[in-house]
Amino acid sequence: MKTTAAVLWELGGKWEVDEVELDGPRAGEVLVELAASGLCHSDEHLVTGDLPVAYPVVGGHEGAGRIVEVGPGVTEVAVGDPVVMTFLPSCGRCSYCVRGYTALCDDGAGATLGPQLDGTYRFHARGEDIGQMCLLGTFAKHTVVPVKSVVKIDEGFPLHLAALVGCGVTTGFGSAVRTAELRAGDTAVVIGIGGIGANAVQGARIAGCRYVVAVDPVEFKREKALELGATHVAASVDEAWNTVSSITRGQLADAAILTTGVAEGAQLQPALQLVGKRGRVVVTALGHPGEDTVSMSLLELTLYEKQVRGALFGSSNGQHDVPRLLEMHNLGQLKLAELITREYALDEINTGYQDMREGRNIRGLIRF
């Protein structure tokens, strides 16, 4: 079939909305008609090269829609089912999946390489094969994805809100609740209040933290953090340290979660200084691929038993967590509509990313 997609043709280029050819689903795949797609910072990494990929590529990895067609052997979903697409597939059989670490599924190893799991392509244009961001390519009206990457959800849930749970909500919430292991009465610091950090704030609130300190230089984002559950805000890490030290009477935070647009090696030691004994620093933001040096005090790490943890998809399990997060929204516990700053048509995608770069959005959303 023919459909419309936003394609990145080269490093540093702009998203170009083109008519593309889309093959039908093969074995283990499904064709999805998208209702909405979030504008996540990770797709900006494709433009800057911080997330190396082969070009051209259809961007987008946070979306929801309905099944239009199923490939051979697919029994998990049927035509018409509403689904959320998760940016990491889960086979359910590899060593990591069976231990409950589905975000680390072996099938996710090539998620950013471009082709589907069988090594072939579904999108084509200008005589070239076009890859799909994280096997998905949600910047398209229609896409073909592995059934391992979709989660069936309840009929009637607004699909434009469900789309947010494909990446940003689950990653941020999980970074606080699963990776950081925040508990009732803890103190948390979230550094960077975008689409991920806003939901780390929500996760910390829902976990029962007595204090949640949100750090961002943009006033609008600090105000939004307070709406989502932060108890205190700060414009810088230094300001946050003064606040955390005061409210905890010197014990400092139990966890600091780094959710900036790009993780920098120089950010680690200031984050470590925000947490007290046995404190955890969770690095959710993606770092530069060539950067392998960080600043941190090894003496402090040892003497105070501090920890540094990486978080991919918030250490979450999509099939388990996505439906629960949607139910938490239905119960009034998790805010979704409040995350959307502005909606865009697909051909406004470059405007959406400019708004994100300039700090105007918590989450921009493409509505199809």
Side-chain angles (χ1 to χ4, degrees), residues 164-165 168-261 263 267 270-285 306-309 311 314-316 321 324-325 328-329 331-339 341 359 362-363:
L164 303 174
V165 186
V169 173
T170 311
T171 299
F173 180 91
S175 294
V177 174
R178 304 207 181 285
T179 316
E181 298 182 290
L182 289 169
R183 300 176 182 177
D186 282 352
T187 295
V189 182
V190 180
I191 306 169
I193 310 301
I196 306 297
N199 291 293
V201 168
Q202 291 209 83
R205 168 181 57 81
I206 292 169
C209 287
R210 73 188 192 277
Y211 299 124
V212 181
V213 181
V215 185
D216 201 288
V218 179
E219 183 179 3
F220 153 69
K221 294 187 175 184
R222 297 196 299 272
E223 292 173 352
K224 180 60 71 170
L226 290 169
E227 294 176 22
L228 296 171
T231 60
H232 299 75
V233 294
S236 67
V237 171
D238 286 345
E239 182 183 338
W241 189 92
N242 291 329
T243 298
V244 172
S245 179
S246 174
I247 61 180
T248 64
R249 297 180 294 281
Q251 289 192 337
L252 302 177
D254 297 281
I257 305 167
L258 187 62
T259 51
T260 51
Q267 294 171 326
L272 275 169
Q273 290 176 327
L274 285 169
V275 301
K277 298 174 182 178
R278 297 285 296 174
R280 287 87 65 196
V281 172
V282 172
V283 182
T284 304
K306 297 184 180 183
Q307 303 170 28
V308 178
R309 303 178 179 181
S315 307
S316 300
D321 291 333
R324 291 198 176 197
L325 289 168
M328 289 169 66
H329 170 76
L331 295 170
Q333 298 170 359
L334 181 72
K335 296 181 179 181
L336 294 179
E338 294 83 352
L339 300 171
T341 311
I362 295 295
R363 188 52 115 221

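Here the closest heavy-atom approach between residue G197 and residue V190 is recorded as O-CG1, 3.6 Å. Residues A214 and A230 come closest through the heavy atom pair CB-CB, 4.0 Å. Taking both residues in full, the closest heavy atoms of L339 and L228 are given as CD2-CD1, 3.9 Å, listed atom of the first, atom of the second, then distance. Shown here for L182 and A255, the closest heavy-atom pair between the two residues is CD2-CB, 3.7 Å. For the pair A204 and A176, the tightest heavy-atom approach, listed with the atom from each and the gap, is N-CB, 3.7 Å. The two residues G359 and V218 have their closest heavy-atom pair at O-CG1, 3.7 Å.
Within the model, atoms NZ of K335 and CZ of R205 stand 6.0 Å from one another, a figure rounded to the nearest 0.5 Å. Interatomic distance, R280 CZ to K306 NZ, rounded to the nearest 0.5 Å: 12.0 Å. For the atom pair CH2 of W241 and CG of L252, the computed distance is 6.5 Å after rounding to the nearest 0.5 Å. Taking NZ of K224 as the start and CZ of R363 as the end, the distance is 13.5 Å to the nearest 0.5 Å. Atom CD1 of I196 sits about 4.5 Å away from atom OG1 of T171, to the nearest 0.5 Å. To the nearest 0.5 Å, atom OG1 of residue T259 and atom CD1 of residue I193 are 5.5 Å apart.
For Q251, the CD atom counts as loosely surrounded, since its 6.0 Å shell holds 12 or fewer non-hydrogen atoms of other residues, nucleotides or ligands. Within 6.0 Å of CZ in R183 there are 12 or fewer heavy atoms belonging to other residues, nucleotides or ligands. The local environment of CD in E219 is sparse, with at most 12 non-hydrogen atoms from other residues, nucleotides or ligands closer than 6.0 Å.
With R222 contributing its side chain and P217 its backbone, the two residues share a donor-acceptor pair below 3.5 Å. In terms of modelled atom types and a separation under 3.5 Å, the side chain of T187 and the main chain of D254 share no donor-acceptor contact. The closest donor-acceptor contact from the side chain of T341 to the backbone of I362 lies under 3.5 Å.
Of the listed residues (D216, L274, I257), just one forms a side-chain contact (heavy atoms from CB on, under 4.5 Å) with I191, and that residue is L274.
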(request) Show your working on side-chain contact (heavy atoms from CB on, under 4.5 Å) between V165 and R324 and close with a plain yes or no. (result) CA-CA 10 Å; V165 186; R324 291 198 176 197; over 6 Å; no
(request) Please assess I206 against L334 for the test side-chain contact (heavy atoms from CB on, under 4.5 Å), listing each intermediate value before the final yes or no. (result) CA-CA 8 Å; I206 292 169; L334 181 72; 4.0 Å; yes
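Side-chain N/O atoms of N199 and Q202 include a donor and acceptor closer than 3.5 Å. Checking T284 against S175 by side-chain atom types alone, a donor-acceptor pair falls below 3.5 Å.
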